[in-house]
Structures are given as structure tokens and as C-alpha cells.
Amino acid sequence: MFTSELLSENPDSATVERNVADNAKLMVREAIIENLDIQTKTFVIVDMGCSVGPNTFFAMQNVVQAIKHKYHSTCSQIEFHVFFNDHVTNDFNVLFESLFSDHQKTYFAAAIPGSFYGRLFPSRSIHVAYSCYALQWLSRVPKGLIDKTNKGRIHYDGASIDVWNAYVDQFEKDMEVFLSARANEMVHGGLIVLVLPSIPSEQHSKIGYRILTFVESSLIDMVNEVSQLITLIILSLF
Ligand SMILES: C[S@@+](CC[C@H](N)C(=O)[O-])C[C@H]1O[C@@H](n2cnc3c(N)ncnc32)[C@H](O)[C@@H]1O
């Protein structure tokens with residue numbers, strides 16, 4: 001599988017995402033040119049799950065250039081408003097500090113903090129909604145995992161079919177919430193572009209997400225260190 005091979009070969013996740021976005025670049029451009037069906041002088045674009053850059057800058061520039069290319073003969077004075085969305089805890093200061101120092105200002109920019117698993121914008125206000133490598137993050141630990149055995153794990157690779165199904169259920173619920181929020185926010189004739197890692201369903205038991213195994217063992221080490229520290233503090237109190 002293309003994405004899992006990339007993940008296995010290169011643990012630098014920002015590079016993985018950059019490679020994925022680069023591979024999708026032409027498809028995104030073609031999708032905009034062929035499918036976007038809007039008449040306006042101000043295009044409103046959002047990158048959902050933008051992180052702090054720089055990948056989001058290249059992605060938004062690609063979207064802006066594709067729209068300019070599509071409409072250059074019919075409308076010479078198009079303006080762009082790009083919203084950068086991520087969790088409220090995302091470091092938007094880092095994003096905006098580097099945004100216009102490294103890149104030519106071809107659009108107006110603003111942050112829209114909050115979860116994309118819910119409404120972010122007023123009805124019928126977005127022309128292009130884009131998200132790359134973010135929708136694989138679920139909104140919560142799958143409910144079904146509470147009574148399934150996946151203790152000490154952070155994902156389903158190598159787990160039982162019950163664990164896999166619990167993740168699938170949560171993903172389906174999250175996607176429904178995501179899509180119904182976007183259904184309200186999108187302008188008629190607009191475009192949603194979603195780039196996310198995927199695997200064939202028959203490969204669920206061994207997908208080889210080595211990067212997640214590294215993250216998992218680091219988290220467990222941290223938890224163990226903290227619990228040892230707490231024990232030491234408690235012992236030193238007596
Ligand atoms: C792997 S990064 C991808 C960043 C960027 N799109 C890229 O391609 O390099 C995933 C980002 O999605 C964000 N994210 C995850 N769940 C989210 C949610 N429910 N709402 C908004 N952002 C979310 C994370 O905070 C993180 O910054």
C-alpha cells in the first residue's frame with residue numbers, strides 16, 4: 001500500500017505528508033478546473049487540520065493558482081480568503097509568523113480554531129474545503145474499545161477483528177458528522193478535497209504502520225516514567 005510503505009520507510013511524518021500532498025497536487029488542480037462551478041469575485045477556501053505549516057502553504061497556493069487558472073479569462077479581479085483550521089491548541093502564531101515571511105501574499109488569511117467534527121462556518125459560505133492527512137484522527141477513543149482487549153495500544157494494527165470494527169464504527173460516525181457540517185457550510189457548486197491515508201479492508205490485521213508503533217511505545221515509556229515518578233514522590237512523603 002502506497003501510504004503505509006511511505007510511513008514504514010520514512011518516519012519523518014511531515015515529509016510523508018508533504019510527499020502525499022505533492023502526489024495529490026495535480027489531481028487537486030484538475031478537480032478544481034473540472035468541477036468547481038462558482039461565479040464570485042471572492043473565493044473562500046479552508047484548510048482543515050492545517051497544523052503549523054509549511055505543507056498547508058503549498059497546498060493553499062496550489063488551490064489559489066488552480067482557481068486563478070480556471071477563471072482568468074472570465075474574471076480578472078478575483079480575491080481569495082483562506083481560513084486555516086486546526087484544534088484550538090494548534091500553534092497558530094508559528095503558522096502566521098512564517099506565512100507571509102516565506103510566501104508571497106496572494107490571499108487574505110485568518111485562523112478558524114476548533115474541531116472540524118462540528119460546524120466551523122456560517123451556512124453556504126465556503127467555496128473550497130481542503131483537508132490533507134487529518135481526517136484519520138478520530139474525534140475520540142472508539143466507544144467499543146472500552147470492553148475490547150486493546151490495552152496499552154493506540155491503534156488497531158495487528159489487533160482482533162473486534163478492535164478493528166470499533167475503529168471502523170467510530171470513523172463512520174465521525175465522517176457523518178464531518179460531512180453533514182460541510183454540507184451546511186459549502187456553497188452550491190463548491191468543492192471538498194479530502195486527502196487521507198487508507199488501506200484495503202482485507203489488510204486490516206497487518207498494515208505495518210511502524211511509525212504508530214514507535215509513537216505507541218514512546219507514550220507507554222512516558223506513562224511508565226510518570227507513574228514511577230509519582231510512586232517516588234509518594235514514597236518520599238513518608
Ligand atoms: C498529520 S497533521 C497534517 C497537517 C497538514 N494538513 C499536512 O498535510 O501537513 C494532522 C493535523 O490535523 C489536526 N486535527 C486532527 N483532528 C482535528 C480536528 N478534529 N479538528 C481540527 N484539526 C484536527 C491535528 O491537530 C494536526 O495538526
Side-chain angles (χ1 to χ4, degrees), residues 2-4 6-29 31 45-64 82-99 102-103 107 109-121 126 128-143 154-155 157 167 170-186 191-199 207 209-216 218-219:
F2 166 69
T3 47
S4 57
L6 268 177
L7 279 168
S8 309
E9 282 163 20
N10 191 343
D12 176 349
S13 80
T15 311
V16 172
E17 288 138 17
R18 180 69 195 277
N19 287 339
V20 170
D22 277 351
N23 283 310
K25 194 173 161 181
L26 206 60
M27 280 192 277
V28 173
R29 190 178 162 80
I45 304 162
V46 55
D47 183 6
M48 289 166 293
C50 61
S51 191
V52 295
N55 295 348
T56 184
F57 307 142
F58 301 117
M60 292 303 95
Q61 199 54 36
N62 185 37
V63 171
V64 164
V82 174
F83 284 97
F84 292 94
N85 159 256
D86 208 296
H87 282 304
V88 291
T89 46
N90 188 52
D91 198 338
F92 287 100
N93 288 332
V94 169
L95 185 147
F96 285 109
E97 260 168 25
S98 51
L99 175 56
D102 296 350
H103 299 267
Y107 48 79
I112 180 89
S115 173
F116 49 56
Y117 293 125
R119 286 290 296 275
L120 294 167
F121 295 98
I126 302 296
V128 178
Y130 173 93
S131 182
C132 180
Y133 246 69
L135 268 163
Q136 74 275 20
W137 295 105
L138 302 177
S139 66
R140 50 161 295 151
V141 173
K143 253 193 189 143
I154 62 163
H155 60 98
D157 192 11
Y167 275 92
Q170 188 59 46
F171 181 72
E172 283 176 0
K173 283 187 188 115
D174 283 346
M175 278 305 279
E176 198 172 326
V177 174
F178 176 89
L179 289 174
S180 64
R182 304 296 84 78
N184 282 305
E185 295 167 350
M186 297 302 296
L191 194 71
I192 301 182
V193 178
L194 305 178
V195 182
L196 68 162
S198 61
I199 52 159
I207 52 173
Y209 267 179
R210 273 209 329 235
I211 193 167
L212 292 180
T213 311
F214 294 142
V215 174
E216 186 175 272
S218 306
L219 286 172

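Remember, it's a predicted structure, so these values are computed and weren't measured experimentally. Atoms within a ligand are numbered from 1 in the order they appear, just like the ligands themselves.
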Would you say [X] and ligand 1 have an N/O pair spaced under 3.5 Å apart?
| X | result |
| --- | --- |
| Ser115 | yes |
| Asn55 | yes |
| Cys132 | yes |

Go through ligand 1 atom by atom and flag the ones less than 4.0 Å from a non-hydrogen atom of [X].
| X | value |
| --- | --- |
| Ser51 | 4 (C), 27 (O) |
| Tyr117 | 19 (N) |
| Tyr133 | 1 (C), 2 (S), 3 (C), 10 (C) |
| Gly114 | 20 (N), 21 (C) |
| Asn85 | 21 (C) |
| Trp137 | 1 (C), 10 (C), 15 (C), 16 (N) |

So, does Thr56 sit close enough to ligand 1 that a heavy atom of it is under 4.0 Å from the ligand?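 The answer is no, since Thr56 has no heavy atom less than 4.0 Å from ligand 1.
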So with a 6.0 Å cut-off around CD of Gln136, is the heavy-atom count from everything else above 12?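 Buried by this count: over 12 neighbours within 6.0 Å.
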Within the supplied structure, the quantity of interest is the number of heavy atoms (other residues, nucleotides, ligands) at a distance under 6.0 Å from Met27 CE; does it exceed 12?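 Atom CE in Met27 is not crowded, with 12 or fewer foreign heavy atoms closer than 6.0 Å.
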Val28: which residues meet the side chain to side chain contact (heavy atoms under 4.5 Å, CB included) condition with it, sequence neighbours left out?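 Val28 satisfies side chain to side chain contact (heavy atoms under 4.5 Å, CB included) with Ala24, Ile32, Asn62, Val63, Tyr130, Val193 once adjacent residues are dropped.
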Looking only at non-hydrogen atoms, which of Ser131, Ala59, Gly49 approaches atom 5 (C) of ligand 1 most closely?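 That would be Gly49.
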Is the ring pair Tyr107/Phe84 parallel, tilted or perpendicular, if the boundaries are 30 and 60 degrees?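 Geometry flag for Phe84 against Tyr107: tilted rings.
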